[in-house]
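Below is one structure; the comments refer to it alone.
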Amino acid sequence: MAESIPLQDRLHPEAPIRSCYGCGSDNGKGLRIKSFLVGDEGVCRWRAQDHYCSYPGFLNGGVASTLIDCHSAWTAFALECRNKGIDMGGKSDLPTGWTRVLHVEFLKPTPLEGELILKARVVKEGRTSRTVVCSIYSGDEECVRGEVTIVMKG
């Protein structure tokens, strides 16, 4: 069953990550992605605005990379919390982390119009890291694919 509250909105109001440009719920100038777990997969539906363009009508590659980075991190973080029985809304005992490696492949230009869907899944669990693969889709077409290694602490 899919969850109804975005992962980003579950964090305690004082959590510093809430100001992140890509995923922070409190950053009014950011991308403000909203991620959900559907089983073991992270899913995000997002709409670009015109100022996120590279060439007119297409998404900027840096924005696409940020979407993949943040959504992958949230997928790893949420699964870590779920697996350890940690309440994401609590003030303490939350795992933290950072991106160690971000590899992005641009398969085709990503249209600005319409809804973009990000799908992410953890493909490798190291002692202190998680490797996540994440793709951005426009309709049924995969436009961007990334692999992100997240260092997990806590």
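Excluded from the calculations below are hydrogen atoms, water molecules and symmetry mates; all remaining heavy atoms, backbone and side chain alike, are included.
At most 12 non-hydrogen atoms from other residues, nucleotides or ligands lie less than 6.0 angstrom from CD of E141. Applying the 6.0 Å contact sphere to CD of E113 captures no more than 12 heavy atoms from other residues, nucleotides or ligands. No more than 12 heavy atoms of other residues, nucleotides or ligands shown are found within 6.0 angstrom of CG on D50. Counting heavy-atom neighbours within 6.0 Å of R121 CZ, excluding the residue itself, gives a total of 12 or less.
Inter-residue side-chain proximity for S35 and C70 is flagged as unmet; no heavy-atom pair is nearer than 4.5 Å. Residues H71 and L31 have side chains not in contact (no heavy-atom distance under 4.5 Å, counting atoms from C-beta outward). In this structure, the side chains of I33 and C23 come closer than 4.5 Å at one or more pairs of heavy atoms. At a threshold of 4.5 Å between non-hydrogen side-chain atoms, the residues R45 and I117 count as touching. Under the 4.5 Å side-chain criterion, counting only non-hydrogen atoms from C-beta, T99 is in contact with I150. Side-chain contact between F36 and C44 is absent, with no heavy atoms from C-beta onward closer than 4.5 Å. Side-chain contact check for L11 versus F77: some heavy-atom pair is nearer than 4.5 Å.
The backbone N or O of L107 sits nowhere less than 3.5 Å from a side-chain atom of R145 that would complete a donor-acceptor pair.
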- Evaluation steps, side-chain contact (heavy atoms from CB on, under 4.5 Å), between S135 and K119: CA-CA 6 Å; S135 294; K119 295 182 181 181; 5.6 Å; no

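The minimum heavy-atom distance between G89 and H12, with the atom names listed, is O-CB, 3.5 Å. Scanning all heavy atoms of the two residues, the minimum distance from Q8 to K34 falls at OE1-CA, 3.5 Å. Nearest approach of M152 to P95, heavy atoms of both residues: CE-CB, 4.3 Å. Across all non-hydrogen atoms, the minimal contact from L112 to A48 is CD2-CB, 3.4 Å. When all heavy atoms of R18 and P13 are compared, the pair lying nearest together is CD-O, 3.7 Å. The minimum heavy-atom distance linking S65 with F106 is given by the pair OG-CZ, 3.8 Å.
Taken together through direct or relayed side-chain contacts under 4.5 Å among Ile, Leu, Val, Met, Phe, Trp and Tyr, V122 and L37 form part of one hydrophobic cluster. Placement of V133 and V148 in two distinct hydrophobic clusters is found when ILVMFWY residues are connected by side-chain heavy-atom separations under 4.5 Å, directly or transitively. Y52 and I136 end up in the same hydrophobic cluster when Ile, Leu, Val, Met, Phe, Trp and Tyr side chains are linked at under 4.5 Å. Note: the hydrophobic cluster containing L94 also contains L7 (ILVMFWY, side chain heavy atoms under 4.5 Å, direct or indirect links). By the rule that hydrophobic residues join a cluster once side-chain heavy atoms approach within less than 4.5 Å of another member, Y21 and V104 end up as members of one cluster.
Note that OG of S72 and CZ of R130 are 14.0 Å apart. Values are rounded to the nearest 0.5 Å. To the nearest 0.5 Å, the span separating SG on C134 from CH2 on W74 amounts to 14.5 Å. Between the CE atom of M88 and the CZ atom of R82 there is a distance of 11.5 Å, given to the nearest 0.5 Å. Note that CD of E80 and CD of E125 are 7.0 Å apart. Values are rounded to the nearest 0.5 Å. For the atom pair NE2 (H103) and OG1 (T131), the distance works out to 12.5 Å, reported to the nearest 0.5 Å.
No option in V63, N60, L59 other than L59 meets the side chain to side chain contact (heavy atoms under 4.5 Å, CB included) test with T110. Results of the side chain to side chain contact (heavy atoms under 4.5 Å, CB included) test with V144 over L118, L67, L116, I68 single out I68 as the only residue that passes.
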